[in-house]
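Worksheet: the structure to be examined is printed underneath.
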Amino acid sequence: MKLRSKAAALLLLALLALLLGLLSLRARRAEPPAAPEPPARPASAPQRRPARPPGPGPRALPGPAARRRRPPRLRPAAGRRSSASLEKLARRPGGPRNFQAVVPPEFWIHLAVVACGDRLEETLVMLKSAVLFSHRKIWFHIFTEDSLKPEFDKKLRQWPDSYTKKFEHRIYPITFSVGNPQEWKKLFKPCAAQRLFLPVILKDVDSLLYVDTDVLFLRPVDDIWKLLKLFNATQLAAMAPEHEISKIGWYSRFARHPFYGSAGVNSGVMLMNLTRMRNAQFKSSMTPAGLAWKDMLYPLYQKYKNAITWGDQDLLNIIFYFNPECLYVFPCQWNYRPDHCMYGSNCKEAEREGVSVLHGNRGVYHDDKQPTFKAFYEAIRDFPFQDNLFQSMYYPLQLKFLETVHTLCGRIPQVFLKQIEKTMKRTYEKHVIIHVGPDYRLKLERFS
(Lines give C-alpha, C1' and ligand atoms only; values in the text may rest on other atoms or scores of the structure.)
Protein backbone atom coordinates (compact mmCIF):
# COMPACT_ATOMS: atom_id res chain seq x y z
CA MET A 1 0.00 0.00 0.00
CA LYS A 2 2.83 2.39 0.85
CA LEU A 3 4.55 1.59 -2.44
CA ARG A 4 1.43 2.42 -4.41
CA SER A 5 0.95 5.73 -2.67
CA LYS A 6 4.64 6.62 -3.22
CA ALA A 7 4.39 5.77 -6.95
CA ALA A 8 1.27 7.88 -7.29
CA ALA A 9 3.01 10.83 -5.67
CA LEU A 10 6.00 10.54 -8.02
CA LEU A 11 3.69 10.40 -11.06
CA LEU A 12 1.85 13.49 -9.91
CA LEU A 13 5.12 15.38 -9.45
CA ALA A 14 6.25 14.35 -12.95
CA LEU A 15 3.00 15.59 -14.52
CA LEU A 16 3.29 18.88 -12.64
CA ALA A 17 6.88 19.40 -13.87
CA LEU A 18 5.82 18.61 -17.44
CA LEU A 19 2.96 21.16 -17.22
CA LEU A 20 5.29 23.88 -15.93
CA GLY A 21 7.74 23.18 -18.77
CA LEU A 22 5.02 23.53 -21.41
CA LEU A 23 3.82 26.83 -19.92
CA SER A 24 7.32 28.34 -19.89
CA LEU A 25 7.94 27.24 -23.52
CA ARG A 26 4.69 28.87 -24.62
CA ALA A 27 5.58 32.09 -22.86
CA ARG A 28 9.02 32.24 -24.61
CA ARG A 29 7.39 31.79 -28.03
CA ALA A 30 5.03 34.69 -27.41
CA GLU A 31 7.91 37.16 -26.72
CA PRO A 32 9.56 39.00 -29.77
CA PRO A 33 13.07 37.81 -30.52
CA ALA A 34 15.79 39.99 -29.11
CA ALA A 35 17.80 42.01 -31.65
CA PRO A 36 21.25 40.52 -32.17
CA GLU A 37 24.06 42.55 -30.78
CA PRO A 38 26.10 44.33 -33.43
CA PRO A 39 29.53 42.91 -34.05
CA ALA A 40 32.41 44.67 -32.40
CA ARG A 41 33.79 47.50 -34.57
CA PRO A 42 37.48 47.26 -35.31
CA ALA A 43 39.63 49.98 -33.86
CA SER A 44 40.54 51.24 -37.34
CA ALA A 45 36.92 51.60 -38.48
CA PRO A 46 35.65 55.20 -38.83
CA GLN A 47 33.32 56.38 -36.11
CA ARG A 48 29.71 57.13 -36.96
CA ARG A 49 28.46 60.66 -36.69
CA PRO A 50 26.24 61.23 -33.67
CA ALA A 51 22.52 61.12 -34.27
CA ARG A 52 20.99 64.43 -35.26
CA PRO A 53 18.85 65.96 -32.48
CA PRO A 54 15.23 66.55 -33.38
CA GLY A 55 14.62 70.04 -34.71
CA PRO A 56 12.28 72.04 -36.87
CA GLY A 57 13.31 70.21 -40.05
CA PRO A 58 11.19 67.58 -41.84
CA ARG A 59 10.24 64.60 -39.70
CA ALA A 60 11.53 61.14 -40.64
CA LEU A 61 8.93 58.62 -41.61
CA PRO A 62 8.39 55.84 -39.05
CA GLY A 63 9.40 52.28 -39.67
CA PRO A 64 11.09 50.91 -42.80
CA ALA A 65 9.90 53.81 -44.95
CA ALA A 66 12.35 56.02 -43.08
CA ARG A 67 15.22 54.00 -44.48
CA ARG A 68 13.98 54.14 -48.11
CA ARG A 69 15.44 56.97 -50.08
CA ARG A 70 14.38 58.09 -53.55
CA PRO A 71 17.20 57.68 -56.07
CA PRO A 72 18.51 60.97 -57.40
CA ARG A 73 16.90 62.11 -60.71
CA LEU A 74 19.30 62.04 -63.63
CA ARG A 75 19.42 65.38 -65.39
CA PRO A 76 20.72 65.89 -68.95
CA ALA A 77 24.16 67.34 -69.13
CA ALA A 78 24.54 70.91 -70.31
CA GLY A 79 24.33 71.20 -74.09
CA ARG A 80 22.56 67.82 -74.45
CA ARG A 81 18.92 68.80 -74.06
CA SER A 82 16.37 67.03 -76.21
CA SER A 83 14.13 68.91 -78.62
CA ALA A 84 11.13 68.24 -76.34
CA SER A 85 12.79 69.83 -73.29
CA LEU A 86 13.91 72.74 -75.41
CA GLU A 87 10.35 73.23 -76.55
CA LYS A 88 9.17 73.42 -72.93
CA LEU A 89 11.87 75.95 -72.20
CA ALA A 90 10.79 78.02 -75.16
CA ARG A 91 7.17 78.09 -74.03
CA ARG A 92 7.38 78.87 -70.33
CA PRO A 93 4.19 80.63 -69.23
CA GLY A 94 4.41 84.36 -69.55
CA GLY A 95 7.58 84.26 -71.63
CA PRO A 96 7.97 85.50 -75.19
CA ARG A 97 7.67 83.10 -78.15
CA ASN A 98 11.35 83.41 -79.00
CA PHE A 99 11.99 79.84 -80.12
CA GLN A 100 14.97 80.63 -82.31
CA ALA A 101 16.85 81.88 -79.24
CA VAL A 102 16.23 78.64 -77.32
CA VAL A 103 15.98 75.82 -79.87
CA PRO A 104 19.29 75.19 -81.66
CA PRO A 105 19.25 75.55 -85.46
CA GLU A 106 19.72 71.83 -86.04
CA PHE A 107 16.26 71.14 -84.57
CA TRP A 108 14.47 73.36 -87.11
CA ILE A 109 13.19 72.57 -90.59
CA HIS A 110 13.28 75.65 -92.82
CA LEU A 111 10.59 75.79 -95.51
CA ALA A 112 10.40 78.60 -98.09
CA VAL A 113 7.62 79.53 -100.49
CA VAL A 114 7.00 82.43 -102.87
CA ALA A 115 3.37 83.55 -103.26
CA CYS A 116 2.09 86.35 -105.47
CA GLY A 117 -1.21 87.22 -107.10
CA ASP A 118 -4.07 84.85 -106.29
CA ARG A 119 -1.93 82.19 -104.55
CA LEU A 120 -2.95 82.97 -100.94
CA GLU A 121 -5.34 80.03 -100.43
CA GLU A 122 -3.13 77.59 -102.32
CA THR A 123 -0.13 78.55 -100.17
CA LEU A 124 -2.09 78.20 -96.93
CA VAL A 125 -3.26 74.70 -97.93
CA MET A 126 0.36 73.73 -98.64
CA LEU A 127 1.49 75.05 -95.24
CA LYS A 128 -1.42 73.23 -93.59
CA SER A 129 -0.34 69.92 -95.14
CA ALA A 130 3.19 70.50 -93.79
CA VAL A 131 1.97 71.21 -90.24
CA LEU A 132 -0.59 68.38 -90.10
CA PHE A 133 1.96 65.58 -90.30
CA SER A 134 5.29 67.10 -89.20
CA HIS A 135 7.14 66.05 -86.04
CA ARG A 136 9.89 68.66 -85.80
CA LYS A 137 9.32 72.39 -85.65
CA ILE A 138 9.15 74.23 -88.96
CA TRP A 139 10.22 77.77 -89.73
CA PHE A 140 8.16 79.15 -92.62
CA HIS A 141 9.89 81.75 -94.82
CA ILE A 142 7.08 83.33 -96.86
CA PHE A 143 8.00 85.72 -99.69
CA THR A 144 5.01 87.69 -100.89
CA GLU A 145 3.65 91.02 -102.05
CA ASP A 146 2.85 93.76 -99.55
CA SER A 147 -0.89 93.39 -100.14
CA LEU A 148 -0.85 89.73 -99.00
CA LYS A 149 1.24 90.14 -95.82
CA PRO A 150 -1.63 90.98 -93.42
CA GLU A 151 -3.74 88.15 -94.86
CA PHE A 152 -1.01 85.57 -94.27
CA ASP A 153 -0.47 86.82 -90.72
CA LYS A 154 -4.19 86.80 -89.94
CA LYS A 155 -4.89 83.34 -91.34
CA LEU A 156 -1.88 81.63 -89.73
CA ARG A 157 -2.67 83.09 -86.30
CA GLN A 158 -6.22 81.73 -86.52
CA TRP A 159 -5.00 78.13 -86.52
CA PRO A 160 -5.45 76.18 -83.24
CA ASP A 161 -2.70 76.42 -80.61
CA SER A 162 -1.97 72.71 -80.95
CA TYR A 163 -0.73 73.46 -84.48
CA THR A 164 0.65 77.00 -84.16
CA LYS A 165 3.11 75.71 -81.56
CA LYS A 166 4.63 73.51 -84.29
CA PHE A 167 5.84 76.38 -86.46
CA GLU A 168 7.05 79.95 -86.63
CA HIS A 169 6.78 82.17 -89.68
CA ARG A 170 8.38 85.24 -91.13
CA ILE A 171 7.10 87.22 -94.11
CA TYR A 172 9.55 88.84 -96.52
CA PRO A 173 9.04 91.33 -99.35
CA ILE A 174 9.82 90.38 -102.93
CA THR A 175 13.36 91.58 -103.62
CA PHE A 176 15.88 90.95 -106.38
CA SER A 177 19.35 91.95 -105.27
CA VAL A 178 21.09 91.92 -108.67
CA GLY A 179 20.02 93.06 -112.11
CA ASN A 180 16.74 94.66 -113.12
CA PRO A 181 13.94 93.80 -110.60
CA GLN A 182 11.20 94.30 -113.21
CA GLU A 183 12.86 91.79 -115.53
CA TRP A 184 13.15 89.23 -112.78
CA LYS A 185 9.56 89.75 -111.68
CA LYS A 186 8.21 89.03 -115.18
CA LEU A 187 10.31 85.89 -115.61
CA PHE A 188 7.90 82.96 -116.25
CA LYS A 189 5.37 83.67 -113.43
CA PRO A 190 5.11 86.67 -111.08
CA CYS A 191 7.80 86.45 -108.39
CA ALA A 192 8.86 82.90 -109.35
CA ALA A 193 12.49 83.99 -109.84
CA GLN A 194 12.66 84.93 -106.15
CA ARG A 195 13.84 81.41 -105.30
CA LEU A 196 17.12 82.07 -107.15
CA PHE A 197 17.98 84.72 -104.55
CA LEU A 198 17.28 82.68 -101.41
CA PRO A 199 20.99 81.93 -100.73
CA VAL A 200 21.67 85.68 -100.81
CA ILE A 201 18.67 86.77 -98.69
CA LEU A 202 18.61 84.02 -96.02
CA LYS A 203 22.20 84.51 -94.91
CA ASP A 204 21.63 82.98 -91.44
CA VAL A 205 19.94 79.80 -92.73
CA ASP A 206 22.15 76.78 -93.38
CA SER A 207 19.72 74.49 -95.25
CA LEU A 208 16.32 75.03 -96.79
CA LEU A 209 13.44 73.23 -98.49
CA TYR A 210 11.82 75.33 -101.22
CA VAL A 211 8.43 74.31 -102.65
CA ASP A 212 5.97 75.85 -105.09
CA THR A 213 2.59 76.96 -103.76
CA ASP A 214 0.86 74.03 -105.51
CA VAL A 215 2.66 71.35 -103.48
CA LEU A 216 1.02 69.10 -100.86
CA PHE A 217 2.86 66.97 -98.27
CA LEU A 218 1.39 63.48 -97.83
CA ARG A 219 3.94 62.47 -95.19
CA PRO A 220 6.04 64.36 -92.59
CA VAL A 221 8.29 67.10 -93.94
CA ASP A 222 10.91 65.52 -91.66
CA ASP A 223 11.30 62.66 -94.15
CA ILE A 224 12.32 64.74 -97.16
CA TRP A 225 14.51 66.88 -94.87
CA LYS A 226 16.51 63.73 -94.06
CA LEU A 227 17.65 63.56 -97.68
CA LEU A 228 20.09 66.39 -96.90
CA LYS A 229 22.17 63.81 -95.03
CA LEU A 230 22.60 61.84 -98.26
CA PHE A 231 24.51 64.66 -99.96
CA ASN A 232 28.13 63.88 -100.71
CA ALA A 233 30.95 66.41 -100.29
CA THR A 234 30.20 68.29 -103.54
CA GLN A 235 26.40 68.23 -103.66
CA LEU A 236 24.58 71.37 -102.57
CA ALA A 237 21.05 71.02 -103.98
CA ALA A 238 18.52 68.28 -104.75
CA MET A 239 15.63 68.02 -107.23
CA ALA A 240 13.60 65.36 -109.01
CA PRO A 241 13.80 64.61 -112.77
CA GLU A 242 11.46 66.59 -115.01
CA HIS A 243 10.38 63.32 -116.64
CA GLU A 244 11.01 59.63 -116.09
CA ILE A 245 11.14 58.80 -119.81
CA SER A 246 13.58 61.14 -121.51
CA LYS A 247 12.32 60.47 -125.06
CA ILE A 248 8.93 62.01 -124.29
CA GLY A 249 10.19 64.64 -121.85
CA TRP A 250 9.86 68.36 -122.62
CA TYR A 251 13.55 69.25 -122.34
CA SER A 252 14.76 66.44 -124.58
CA ARG A 253 12.32 67.45 -127.32
CA PHE A 254 11.98 71.24 -127.16
CA ALA A 255 14.73 72.89 -125.05
CA ARG A 256 16.97 75.42 -126.83
CA HIS A 257 19.48 75.62 -123.99
CA PRO A 258 21.63 73.18 -121.96
CA PHE A 259 19.83 71.16 -119.29
CA TYR A 260 20.76 68.64 -116.61
CA GLY A 261 21.03 64.95 -117.53
CA SER A 262 18.87 63.35 -120.19
CA ALA A 263 15.49 64.81 -119.17
CA GLY A 264 16.22 67.91 -117.06
CA VAL A 265 15.07 68.53 -113.48
CA ASN A 266 11.93 70.07 -112.00
CA SER A 267 12.44 72.84 -109.44
CA GLY A 268 8.99 72.74 -107.79
CA VAL A 269 10.49 70.86 -104.83
CA MET A 270 14.10 71.77 -104.13
CA LEU A 271 16.39 71.03 -101.19
CA MET A 272 19.28 73.46 -100.76
CA ASN A 273 22.37 73.60 -98.61
CA LEU A 274 22.56 77.39 -98.64
CA THR A 275 25.93 77.51 -96.91
CA ARG A 276 27.53 75.45 -99.66
CA MET A 277 25.76 77.47 -102.36
CA ARG A 278 27.11 80.72 -100.92
CA ASN A 279 30.67 79.37 -100.71
CA ALA A 280 30.89 77.46 -104.02
CA GLN A 281 32.46 78.62 -107.25
CA PHE A 282 30.35 77.58 -110.25
CA LYS A 283 31.53 76.73 -113.74
CA SER A 284 29.74 78.32 -116.69
CA SER A 285 30.07 79.09 -120.39
CA MET A 286 30.55 82.79 -119.70
CA THR A 287 34.04 82.79 -118.20
CA PRO A 288 36.78 80.21 -117.58
CA ALA A 289 36.96 81.28 -113.94
CA GLY A 290 34.45 80.10 -111.37
CA LEU A 291 31.67 82.49 -110.31
CA ALA A 292 29.91 82.86 -106.97
CA TRP A 293 26.17 82.20 -106.98
CA LYS A 294 25.13 85.86 -106.64
CA ASP A 295 27.60 86.96 -109.33
CA MET A 296 26.44 84.34 -111.81
CA LEU A 297 22.66 84.87 -111.89
CA TYR A 298 22.21 88.05 -113.92
CA PRO A 299 24.91 87.36 -116.55
CA LEU A 300 23.41 83.88 -116.99
CA TYR A 301 19.95 85.33 -117.48
CA GLN A 302 21.21 87.90 -119.97
CA LYS A 303 22.88 85.22 -122.06
CA TYR A 304 19.95 82.78 -122.19
CA LYS A 305 16.85 84.99 -121.72
CA ASN A 306 15.73 84.54 -125.34
CA ALA A 307 16.11 80.75 -125.19
CA ILE A 308 14.38 79.88 -121.91
CA THR A 309 10.70 78.97 -121.55
CA TRP A 310 10.23 77.94 -117.91
CA GLY A 311 12.10 80.87 -116.37
CA ASP A 312 14.04 80.16 -113.20
CA GLN A 313 13.73 76.37 -113.65
CA ASP A 314 15.53 76.66 -117.00
CA LEU A 315 18.29 78.72 -115.40
CA LEU A 316 18.74 76.05 -112.71
CA ASN A 317 18.98 73.38 -115.41
CA ILE A 318 21.68 75.41 -117.15
CA ILE A 319 23.63 75.87 -113.90
CA PHE A 320 23.61 72.16 -113.09
CA TYR A 321 24.39 71.18 -116.67
CA PHE A 322 27.78 72.84 -116.17
CA ASN A 323 28.02 71.65 -112.50
CA PRO A 324 26.46 68.15 -112.41
CA GLU A 325 28.57 67.11 -109.41
CA CYS A 326 26.69 69.69 -107.32
CA LEU A 327 23.24 68.12 -107.73
CA TYR A 328 21.62 65.23 -105.86
CA VAL A 329 18.64 63.76 -107.76
CA PHE A 330 15.89 62.31 -105.56
CA PRO A 331 13.12 59.97 -106.80
CA CYS A 332 9.88 61.13 -108.42
CA GLN A 333 7.76 60.16 -105.39
CA TRP A 334 9.04 63.41 -103.75
CA ASN A 335 7.71 65.54 -106.63
CA TYR A 336 4.77 63.65 -108.12
CA ARG A 337 3.03 65.52 -110.96
CA PRO A 338 0.22 64.78 -113.42
CA ASP A 339 2.86 63.77 -115.98
CA HIS A 340 3.57 60.71 -113.84
CA CYS A 341 0.10 59.22 -114.40
CA MET A 342 -1.95 61.10 -117.01
CA TYR A 343 -0.40 59.07 -119.87
CA GLY A 344 0.05 55.94 -117.76
CA SER A 345 1.92 55.28 -114.54
CA ASN A 346 5.66 55.88 -114.98
CA CYS A 347 6.97 56.66 -111.46
CA LYS A 348 8.21 53.30 -110.20
CA GLU A 349 9.21 54.64 -106.77
CA ALA A 350 5.66 55.91 -106.17
CA GLU A 351 4.26 52.53 -107.21
CA ARG A 352 6.41 50.88 -104.54
CA GLU A 353 6.33 53.47 -101.75
CA GLY A 354 3.34 55.67 -102.55
CA VAL A 355 3.30 59.38 -103.35
CA SER A 356 5.18 61.40 -100.72
CA VAL A 357 4.88 64.94 -102.10
CA LEU A 358 2.12 65.85 -104.55
CA HIS A 359 2.80 68.66 -107.04
CA GLY A 360 -0.35 69.89 -108.75
CA ASN A 361 1.20 72.02 -111.47
CA ARG A 362 -0.74 73.22 -114.54
CA GLY A 363 -3.52 74.45 -112.22
CA VAL A 364 -5.02 70.98 -111.74
CA TYR A 365 -6.30 71.81 -108.22
CA HIS A 366 -8.68 74.36 -109.71
CA ASP A 367 -10.12 72.61 -112.80
CA ASP A 368 -11.55 69.18 -113.60
CA LYS A 369 -8.80 67.90 -115.89
CA GLN A 370 -7.16 65.83 -113.13
CA PRO A 371 -9.83 65.17 -110.45
CA THR A 372 -7.47 62.93 -108.48
CA PHE A 373 -5.17 65.86 -107.69
CA LYS A 374 -8.13 68.13 -107.02
CA ALA A 375 -9.56 65.60 -104.54
CA PHE A 376 -6.40 65.77 -102.40
CA TYR A 377 -6.35 69.55 -102.46
CA GLU A 378 -9.98 69.86 -101.37
CA ALA A 379 -9.64 67.16 -98.69
CA ILE A 380 -6.75 68.97 -96.98
CA ARG A 381 -8.26 72.43 -97.51
CA ASP A 382 -11.61 71.44 -95.96
CA PHE A 383 -10.24 69.33 -93.10
CA PRO A 384 -11.10 70.85 -89.67
CA PHE A 385 -7.87 70.90 -87.65
CA GLN A 386 -9.23 69.22 -84.52
CA ASP A 387 -11.16 66.43 -86.25
CA ASN A 388 -10.16 62.80 -86.63
CA LEU A 389 -7.88 62.38 -89.65
CA PHE A 390 -9.44 59.11 -90.76
CA GLN A 391 -13.07 60.13 -90.38
CA SER A 392 -12.77 63.68 -91.75
CA MET A 393 -10.05 63.29 -94.38
CA TYR A 394 -9.10 59.74 -95.34
CA TYR A 395 -12.57 58.20 -95.69
CA PRO A 396 -13.99 61.14 -97.72
CA LEU A 397 -10.84 60.99 -99.86
CA GLN A 398 -11.48 57.34 -100.64
CA LEU A 399 -15.05 58.14 -101.69
CA LYS A 400 -13.84 60.93 -103.98
CA PHE A 401 -11.43 58.51 -105.64
CA LEU A 402 -14.38 56.39 -106.76
CA GLU A 403 -15.45 59.36 -108.89
CA THR A 404 -12.07 59.58 -110.66
CA VAL A 405 -11.75 56.07 -112.09
CA HIS A 406 -12.53 57.39 -115.58
CA THR A 407 -9.02 58.96 -115.62
CA LEU A 408 -5.69 57.13 -115.81
CA CYS A 409 -4.53 58.76 -112.56
CA GLY A 410 -7.74 57.70 -110.80
CA ARG A 411 -7.17 54.05 -111.72
CA ILE A 412 -4.14 53.72 -109.42
CA PRO A 413 -5.57 54.75 -106.02
CA GLN A 414 -3.02 52.61 -104.17
CA VAL A 415 -0.22 54.84 -105.51
CA PHE A 416 -1.87 57.99 -104.17
CA LEU A 417 -3.24 56.62 -100.88
CA LYS A 418 -0.50 54.26 -99.70
CA GLN A 419 1.78 56.84 -98.10
CA ILE A 420 -0.87 59.12 -96.63
CA GLU A 421 -2.56 56.10 -95.00
CA LYS A 422 0.75 55.16 -93.33
CA THR A 423 1.23 58.75 -92.23
CA MET A 424 -2.23 58.99 -90.70
CA LYS A 425 -1.75 55.74 -88.79
CA ARG A 426 1.51 57.02 -87.32
CA THR A 427 -0.10 60.34 -86.44
CA TYR A 428 -3.08 58.63 -84.83
CA GLU A 429 -0.80 56.33 -82.85
CA LYS A 430 1.30 59.23 -81.63
CA HIS A 431 -1.63 61.38 -80.48
CA VAL A 432 -3.96 58.67 -79.17
CA ILE A 433 -1.99 55.59 -78.11
CA ILE A 434 1.04 57.35 -76.64
CA HIS A 435 -0.97 60.00 -74.80
CA VAL A 436 -3.92 57.84 -73.74
CA GLY A 437 -2.33 54.45 -73.13
CA PRO A 438 -1.60 51.06 -74.70
CA ASP A 439 -5.08 49.75 -73.86
CA TYR A 440 -6.43 51.86 -76.71
CA ARG A 441 -4.33 50.08 -79.35
CA LEU A 442 -7.46 48.22 -80.42
CA LYS A 443 -8.84 51.52 -81.70
CA LEU A 444 -5.99 51.80 -84.17
CA GLU A 445 -6.55 48.27 -85.41
CA ARG A 446 -10.07 49.23 -86.48
CA PHE A 447 -8.57 51.51 -89.10
CA SER A 448 -6.20 48.91 -90.52
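Only a predicted model underlies this, so the values are computations on that prediction, with no experimental measurement involved. Computation of the quantities below employed the complete heavy-atom set of this structure, encompassing side-chain atoms and omitting hydrogens, waters and symmetry-equivalent molecules.
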Do [X] and [Y] pair up side chain to side chain, a donor and an acceptor below 3.5 Å, judged on atom types alone?
X: E421; Y: Y394; result: yes
X: R119; Y: T213; result: yes
X: N335; Y: N266; result: yes
X: Q313; Y: E242; result: yes

For the residue pair [X] and [Y], what are the closest heavy atoms and their distance?
X: V113; Y: V211; answer: CG2-O, 3.6 Å
X: Q370; Y: P338; answer: CG-CB, 4.2 Å
X: K303; Y: S285; answer: NZ-OG, 2.7 Å
X: S207; Y: L228; answer: CB-CD1, 3.7 Å
X: M126; Y: S129; answer: O-OG, 2.7 Å
X: Y251; Y: V265; answer: CE1-O, 4.2 Å

First locate atom [atom1] of [X], then atom [atom2] of [Y], and finally report the distance between them rounded to the nearest 0.5 Å.
X: H257; Y: N306; atom1: NE2; atom2: CG; answer: 12.5 Å
X: E244; Y: S345; atom1: CD; atom2: OG; answer: 10.0 Å
X: N346; Y: C332; atom1: CG; atom2: SG; answer: 7.0 Å
X: F416; Y: T372; atom1: CZ; atom2: OG1; answer: 5.0 Å
X: R278; Y: L236; atom1: CZ; atom2: CG; answer: 11.5 Å
X: L300; Y: M286; atom1: CG; atom2: CE; answer: 4.5 Å

Is it the case that the side chain of [X] and the backbone of [Y] share a donor-acceptor pair, with hydrogens and angles ignored and the cut-off at 3.5 Å?
X: D212; Y: V215; value: no
X: K166; Y: V131; value: yes
X: H340; Y: R337; value: yes
X: S252; Y: G249; value: yes
X: R195; Y: S267; value: yes
X: R219; Y: S356; value: no
X: N388; Y: Q391; value: yes
X: T423; Y: L218; value: yes
X: N273; Y: L208; value: no
X: E145; Y: G117; value: yes

Tell me, do [X] and [Y] make a side-chain contact under 4.5 Å, heavy atoms counted?
X: T407; Y: P371; value: yes
X: I109; Y: R136; value: yes
X: L274; Y: K203; value: no
X: M342; Y: L408; value: no
X: I224; Y: V269; value: yes
X: Y377; Y: L216; value: yes
X: R426; Y: P220; value: yes
X: F167; Y: K137; value: no

Classify the ring geometry of [X] against [Y]: parallel below 30°, tilted from 30° to 60°, perpendicular beyond 60°.
X: Y328; Y: F231; value: tilted
X: W293; Y: F320; value: tilted
X: W139; Y: H141; value: tilted
X: Y298; Y: Y301; value: tilted

Evaluate whether atom [atom1] of [X] has more than 12 neighbouring non-hydrogen atoms of other residues, nucleotides or ligands under 6.0 angstrom away.
X: K418; atom1: NZ; answer: yes
X: R253; atom1: CZ; answer: yes
X: K369; atom1: NZ; answer: no

Exercise. Hey, which of F140, W225, Y210 is the one that makes side chain to side chain contact (heavy atoms under 4.5 Å, CB included) with L111?
Worked result: F140
Salt bridge [X]-[Y], side-chain N to carboxylate O under 4.0 Å:
X: D153; Y: R157; value: yes
X: E325; Y: K283; value: yes
X: K400; Y: E378; value: yes
X: D367; Y: K374; value: no
X: E151; Y: K154; value: no

Verify whether the ring centers belonging to [X] and [Y] lie closer than 6.0 Å.
X: F385; Y: W159; result: yes
X: Y260; Y: Y321; result: no
X: F401; Y: F376; result: yes
X: F282; Y: F322; result: no

Exercise. For the Cys pair C341 and C347, is the SG-SG distance shorter than 2.5 Å?
Worked result: no
For this session: Verify side-chain contact (heavy atoms from CB on, under 4.5 Å) between L198 and F143, making sure each step is shown before the conclusion.
Result: CA-CA 10 Å; L198 296 180; F143 292 81; 3.5 Å; yes
For this session: Apply side-chain contact (heavy atoms from CB on, under 4.5 Å) to the pair L209 and M272, showing each step before the final yes or no.
Result: CA-CA 6 Å; L209 172 62; M272 292 180 270; over 6 Å; no
Exercise. Between H359 and Y336, does a ring-ring contact (aromatic ring centres under 6.0 Å, His included) hold up when you go through it step by step?
Worked result: CA-CA 5 Å; H359 186 181; Y336 193 91; over 10 Å; no
For this session: Check the pair I142, L156 against side-chain contact (heavy atoms from CB on, under 4.5 Å), reporting the backbone distance first and the verdict last.
Result: CA-CA 12 Å; I142 304 170; L156 290 173; 3.9 Å; yes
For this session: Would you please test Y365 and V125 for side-chain contact (heavy atoms from CB on, under 4.5 Å) and show each step?
Result: CA-CA 11 Å; Y365 295 150; V125 176; over 6 Å; no
For this session: May I ask you to check if K128 and Y163 form a cation-pi contact, with NZ or CZ under 6.0 angstrom from the six-membered ring centre and within 45° of the axis?
Result: no
